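Residue numbering restarts at 1 for every chain, and letters A, B, ... go by the order of the sequence lines. On a predicted model such as this, the values are computed, not experimentally measured, just so you know.
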Amino acid sequence: MSHILQFLLFIVLSTAGKSVADARGFVAPDLSAWEIAALLHLLVVAFGTLDNEKIGFVSPQFERRIKQVILGGCGAFLFLKMAIVFLETKQRVEGGGLQPLVSLAPSVAGWAHALEALTPYVIVMPLFFFLLINVVLLWHVSRQATRLGFTDAYEVRHLRDLIYFVDLPVVVPFSVLWIYLILDPLLTPELYPLGMGLVGCCLLVVSNVAAGVFSDQRRDPQLKIRR
Amino acid sequence: MSDFWNEFDEAYRLFSQYCDTNDWHRILESIAGAVAATKPASGSALTVLDVGCGNAVATQTICEQVFAATGWFPQLGVVEPSIIARERLYGHLLVSSTGGPMELAAKSIEAIPANRQFDAIVFVHSTYYVAHLADQLQVLVDVHLAPSGAVIVLALPRYSPFFLGLPPLPHCADEVHMILSRMGLRVESYQLRSRFRLPTQVSAVQWEHLMRFMAPHVSDLTSFQALVKQFLCKARVADFGDHLLVGRRTAS
């Protein structure tokens, strides 16, 4: 429940921010509040999970590195999204027209186009990123546990469950939908980024909440006092 | 001196009451797994040396788990400087003259006969109490480690919550890792869960025992209580995150 409340708090704050900006004449992209809230939530869930959990059997060096990669990745996604939102934000001008907030020099136009091409996909990148992270973790933990004679350690089962029940249920439907959107001849180009954004936001929020709940379950100590 | 070991033993036993029993048994199982992996290919008996075995309860469990995994009950040597602990260990381990596994009980590493070699040399939370650890490990590896053998060390990392942010004990996992690497051993490291839960009600005597074991240099009980609470999560649990190091000779 706390994970859903966290997300709701972020969405309220980001929507309020967007409304305030709008009142002052700055028009942010349609889904920007949702997307930033979802990515911020991702960062918070990742921080909470990494702060409280020690992953059994991993080598300490590997754990340090993977935690750096996760936090760096989450931060990069959020930064990328904010940069895109900033570039796509428009300012109202006299007469009701809209003009870009920043006008880029021709020398960086290539970069801006690259960012523009990435725009619909930033929100779904974390889904694939965490699938990859969990697969790498599963490989490492399985290898380490097997070296010590554990063929079916609960750490391995937990990671496998995380992949089966959190990562794949969001990545597979998205991939199918993506193929459908590409193949659908009636889809207008304007609808494509919006559709991707809406579906991506929903899947990312579901994935964050599910990952948080999974992590809480694992953290529940179920301690048994030594007799 | 005997008073010190008695008090230490009492404090340790109270502390271990609040440690997760499943985690502890998995730790011992992990050590047994690492020991079993050193089994010589020739099919001869597996030999294990436990340095700083205390009263040998853990040693006996490890041997039983090795037996369960390999079908071989290891031949055992132990090193334990405390006279009290050495007397107690006979209550847990059968000596070889009565058909048991224990062939050697030495009070120091120097007292091990020079011709004795072991497939696994094990330290279970005992490196902190060995003076001149690097030199002692060098002797063990040069003289007493079988060619395909391994040094297996269970130790806390320097940043473990066990130390409550105070200066850690000497020869923690990080330092041992460095020593073994410098000796040319290939070191694998594993982080294992080792959770501790503070009971809801702790009496003053229990607090004192815990303080004696976890932070003997802190004299003020109130400061100790504040430190402990600071390092526990909401469920009054801390994971000490023991490290298991396995150092093997690199193939030359």
Side-chain angles (χ1 to χ4, degrees), chain A residues 1-3 5-6 44-45 47-68 70 136-159 212-227, chain B residues 13-37 39 57 65-66 68-70 152 157-161 173-174 177 187-199 232-246 248:
Chain A
M1 193 66 186
S2 64
H3 298 287
L5 290 177
Q6 262 175 4
V44 169
V45 169
F47 254 119
T49 307
L50 297 180
D51 202 30
N52 289 301
E53 274 187 28
K54 286 196 168 69
I55 310 163
F57 292 116
V58 293
S59 78
Q61 299 92 323
F62 181 87
E63 193 192 53
R64 258 196 305 276
R65 232 169 285 147
I66 202 101
K67 284 183 173 179
Q68 283 167 356
I70 290 173
V136 172
L137 256 176
L138 178 65
W139 166 78
H140 177 79
V141 172
S142 308
R143 193 189 57 163
Q144 292 273 100
T146 309
R147 277 180 179 169
L148 294 179
F150 289 84
T151 47
D152 193 24
Y154 66 73
E155 285 85 352
V156 175
R157 286 201 301 274
H158 172 83
L159 282 166
V213 172
F214 238 77
S215 146
D216 283 352
Q217 264 192 344
R218 185 170 182 249
R219 207 180 302 153
D220 183 13
Q222 300 279 322
L223 288 170
K224 289 185 182 140
I225 301 301
R226 187 176 303 163
R227 292 175 217 286
Chain B
R13 280 197 288 173
L14 182 85
F15 165 82
S16 67
Q17 252 181 201
Y18 305 138
C19 294
D20 181 68
T21 186
N22 290 340
D23 285 354
W24 179 240
H25 279 98
R26 286 183 98 232
I27 288 171
L28 295 182
E29 214 176 321
S30 303
I31 298 172
V35 170
K39 192 178 175 316
V57 177
Q65 285 168 341
V66 171
T70 65
I152 299 160
R158 288 178 65 84
Y159 53 80
S160 169
D174 325 65
H177 193 298
V187 186
E188 295 160 8
S189 55
Y190 305 84
Q191 179 175 267
L192 303 172
R193 301 191 84 177
S194 171
R195 289 167 294 177
F196 169 86
R197 181 166 65 179
L198 192 69
L232 298 178
C233 71
K234 267 191 286 186
R236 299 165 76 85
V237 175
D239 188 346
F240 295 147
D242 293 5
H243 285 187
L244 179 65
L245 307 173
V246 182
R248 298 176 206 279

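What you find for B:Tyr190 and A:Pro60 is that their closest heavy atoms are N-CD, 4.4 Å.
Neither the backbone nor the side chain of A:Ala145 comes within contact range of chain B, judged by heavy atoms closer than 4.5 Å. Both the backbone and the side chain of B:Ala34 come within less than 4.5 Å of a heavy atom of chain A. For A:Phe150, the part sitting under 4.5 Å from any heavy atom of chain B is the side chain, from C-beta outward, and nothing else. Only the side chain of B:Leu244 comes within less than 4.5 Å of a heavy atom in chain A; its backbone stays farther off.
Atom CZ of B:Arg158 is surrounded by 12 or fewer heavy atoms from other residues, nucleotides or ligands within 6.0 Å.
Your options are B:Gly33, B:Pro157, B:Ser189, B:Pro199, and the one with the most heavy-atom pairs under 4.5 Å with chain A is B:Ser189. Highest contact tally toward chain A, considering only B:Arg26, B:His177, B:Glu188, is held by B:Arg26 [criterion: heavy-atom pairs under 4.5 Å].
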